[in-house]
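Here is the structure we will look at.
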Amino acid sequence: MAAIEIHGLSKRFGEVAAVDDLSFTAREGAVTGFLGPNGAGKSTTLRMLLGLVRPSEGTATIGGTPYAELAEPFRHVGAVLEADAFHPGRRARDHLRVLAVAAGLPLARVDAVLREVDLADAGHRRVNGFSLGMRQRLGLATALLGEPEILILDEPANGLDPEGVHWLRQYLRAFADGGGTVLVSSHVLAEVAQTVDDVVIIADGRLVTQSSLTELANRSRAGVRVRTPQVEALRDALLAQGIAAQLVAADALVAMESTAEAVGLAAAGAGAVIYEMTPEHFNLEEMFLELTTSEGASR
Amino acid sequence: MKNLIHAELLKLRTTRAFWAYIAAALAFVPVSIALSITTASDTAPLTSSEGLRGVISAASAGGLLVLLIGITMMAGEFRHNTATTTFLITPVRNRVIAAKVAAGTIVGLVLAAASSVLTVAVALPWLAARDIDVSLLSGDVGVPVLGAFIATGLAAAVGIGLGALMPNQTLAITVVVVWTSIVEALLVGFLPEVGRWLPTGAASALGGTVTAEGALLPFWGAALVLTGYALAIAAAGANLLTRKEIA
């Protein structure tokens with residue numbers, strides 16, 4: 001059973017469908033990136049998953065059970081939905097103490113999570129003196145308090161400095177490698193591309209695609225861009241080798257899903273003069289934009 | 001449930017605003033006593049039962065501040081976005097409301113006890129200095145003190161219910177302060193047939209505030225009316241909260 005399972009989930013606010021018949025899963029031992037432009041319905045979906053917003057239709061379950069029906073939800077799922085969800089006048093350690101008491105957790109967990117997020121020395125300080133990065137880490141400490149197997153983070157990288165982003169990536173990677181489930185939302189694919197195993201892409205509340213990151217990358221058009229005065233001759237030579245090519249200018253073409261070696265060999269065989277040859281790496285971010293905007297435009 | 005009540009009390013104790021409210025509530029006590037003693041009128045002189053109860057009504061001076069504490073306990077969760085985590089730990093929202101009401105009531109009762117002790121410690125020597133001897137065990141002390149426990153004990157539940165009904169904390173506090181100290185105060189004073197049935201009128205009757213003869217409800221009537229308000233407002237707040245989208 002998937003750790004997180006969303007099935008036919010919809011949320012309508014009046015006439016507007018914020019989430020529309022959405023289904024996807026997130027598996028154990030993997031970081032799943034939940035991606036889509038701002039306003040795509042990511043936060044609403046996560047809040048329905050966590051029992052904070054009532055779905056209009058469909059189900060969202062954690063290990064087969066709706067969040068609100070879990071016996072001790074805080075011990076199974078840790079979530080950070082807002083960057084700043086603290087009483088500003090409360091000391092960081094007191095914030096965690098309150099939650100530990102409410103959740104029936106030992107107070108030793110408070111100091112353990114403060115150490116885990118590198119806030120051990122700041123625990124006695126009031127949160128209003130915290131930087132955004134420190135608040136983000138305190139938010140993560142809050143989520144980790146119950147030693148959950150599942151982490152759900154909504155746009156965690158917003159406002160983090162590069163060092164913080166790097167730290168978070170490593171943390172989430174290690175969490176998933178240890179068998180945990182991570183569902184992390186973002187509106188910037190590049191932000192999570194280095195961390196995620198799987199991606200779920202939504203636009204306008206609908207699923208665009210769910211796949212592994214590798215699969216997504218393979219689907220994108222890697223190729224070789226070639227500048228030559230004999231574009232027609234080269235294209236025919238490439239076709240003879242089974243390589244599709246697209247003319248992109250009077251003196252340039254792109255050999256699809258190919259390598260510089262294969263294109264070079266074909267050019268030598270055809271006697272074509274090469275001015276310039278550039279391997280084009282797939283660009284996930286461009287593909288993400290294309291996927292999410294074309295879906296939006298089709299509605 | 002015990003954990004949740006404990007957590008709510010800890011939430012209060014770990015903010016400075018709470019202690020400021022408590023300090024203000026206790027500061028009202030000597031101020032109220034001083035006003036009652038220095039402005040005692042001929043219709044209710046300090047030697048009369050009404051006059052004495054008016055002085056001892058200082059014991060319930062903290063009621064409004066407990067009401068405001070109740071508002072911050074609930075509306076503050078929305079103001080500071082802590083509602084999300086609170087309901088992630090306890091998805092059954094009625095349990096959160098129940099724990100808050102229990103914790104707020106404990107705060108109200110402890111404050112009533114402290115205010116009563118302070119009232120007796122300040123008022124009795126002051127009255128004795130004016131050659132008015134009051135027994136600690138007399139009804140003129142006992143009844144307003146009992147009223148203070150009831151009114152202050154119920155105040156938090158009213159505030160928590162209002163905080164759920166008006167999640168905008170600043171708005172809720174403004175509405176409550178204007179309503180109790182202006183609208184209700186005027187109605188109690190000038191239209192007692194309406195004012196006596198309102199929460200402030202009932203709380204005044206419990207505390208022993210001096211008013212024109214028969215203007216307020218009798219003690220037990222006021223206790224019932226105020227309990228009814230507290231239950232109704234807390235229940236309305238809980239009802240709204242369970243349906244609310246936490247977004």
Side-chain angles (χ1 to χ4, degrees), chain A residues 11 13 18 43-44 46-56 66-105 107 126-128 135 138-139 142-143 145-146 148 152 154, chain B residues 1-23 69 71-100 102-103 106 163 167 169-170 239-247:
Chain A
K11 179 66 186 181
F13 294 106
S43 296
T44 306
L46 296 182
R47 284 176 181 272
M48 285 194 277
L49 174 61
L50 294 167
L52 297 168
V53 167
R54 198 187 313 259
S56 304
Y67 182 89
E69 290 170 26
L70 293 172
E72 289 180 296
F74 212 59
R75 289 177 189 260
H76 299 290
V77 183
V80 186
L81 299 182
E82 290 123 347
D84 195 359
F86 319 101
H87 190 295
R90 197 173 280 137
R91 298 172 201 277
R93 198 172 174 282
D94 285 339
H95 162 78
L96 295 168
R97 268 172 73 208
V98 164
L99 304 179
V101 168
L105 299 166
L107 286 178
R126 294 185 198 277
V127 179
N128 55 13
R135 285 166 203 243
L138 183 57
T142 304
L145 203 57
I152 296 174
D154 197 4
Chain B
M1 200 62 199
K2 209 175 121 196
N3 282 344
L4 291 183
I5 297 170
H6 183 178
E8 289 299 332
L9 290 171
L10 191 58
K11 275 183 198 175
L12 289 172
R13 296 206 321 260
T14 51
T15 58
R16 284 182 290 194
F18 170 72
W19 294 109
Y21 278 123
I22 294 294
I69 288 172
I71 290 175
T72 62
M73 287 175 78
M74 194 66 243
E77 296 262 9
F78 295 103
R79 183 178 193 193
H80 304 301
N81 283 335
T82 50
T84 304
T85 314
T86 298
F87 295 131
L88 285 180
I89 293 177
T90 317
V92 182
R93 298 180 195 169
N94 277 332
R95 286 168 56 84
V96 173
I97 283 255
K100 284 186 187 293
I106 290 169
Q169 184 179 306
T170 312
N239 183 37
L240 189 74
L241 190 73
T242 50
R243 296 195 248 162
K244 191 179 174 67
E245 314 263 38
I246 312 295

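Quick note on labels: first sequence line is chain A, next is B, and so on, each numbered from 1. The figures that follow rest on heavy atoms only: side chains count, while hydrogens, waters and symmetry mates do not.
The heavy-atom pair separating B/Asn81 from A/Glu82 by the smallest distance is O-OE1, 3.6 Å. The nearest pair of heavy atoms linking B/Thr82 to A/Ala85 is CG2-O, 3.5 Å. Among all heavy-atom pairs drawn from A/Gly104 and B/Asn3, the shortest one is CA-ND2, 3.6 Å.
Screening A/Val101, A/Val98, A/Leu99 for a side-chain contact (heavy atoms from CB on, under 4.5 Å) with B/Lys11, the sole residue that qualifies is A/Val98.
Residues of residues 49-56 of chain A lying within less than 4.5 angstrom of chain B, judged on heavy atoms, are A/Leu50, A/Gly51, A/Leu52, A/Val53, A/Arg54 in numerical order.
A distance of 11.0 Å separates CG in B/Leu88 from CG in A/Leu70, rounded to the nearest 0.5 Å.
The contact between A/Leu81 and chain B is made entirely by side chain atoms (from C-beta outward), counting heavy-atom distances below 4.5 Å.
With sequence neighbours excluded, the residues satisfying side chain to side chain contact (heavy atoms under 4.5 Å, CB included) with B/Arg93 are B/Phe87, B/Leu241, B/Thr242, B/Lys244, B/Ile246. Legend: residues meeting side chain to side chain contact (heavy atoms under 4.5 Å, CB included) with B/Ala103, ordered by chain and number and at least two apart, are B/Ile5, B/Glu8, B/Leu9, B/Met73.
Applying the side-chain hydrogen bond (donor to acceptor under 3.5 Å, both in side chains) test to every pair with at least one member in residues 83-100 of chain A, sequence neighbours left out, gives these pairs: A/Asp84-A/Arg135, A/Arg90-B/Thr14, A/Arg93-A/Asp111, A/Asp94-A/Arg97, A/His95-A/Thr142.
Contact count versus chain B (heavy atoms, under 4.5 Å) is highest, among A/Ser43, A/Pro88, A/Ala100, for A/Pro88.
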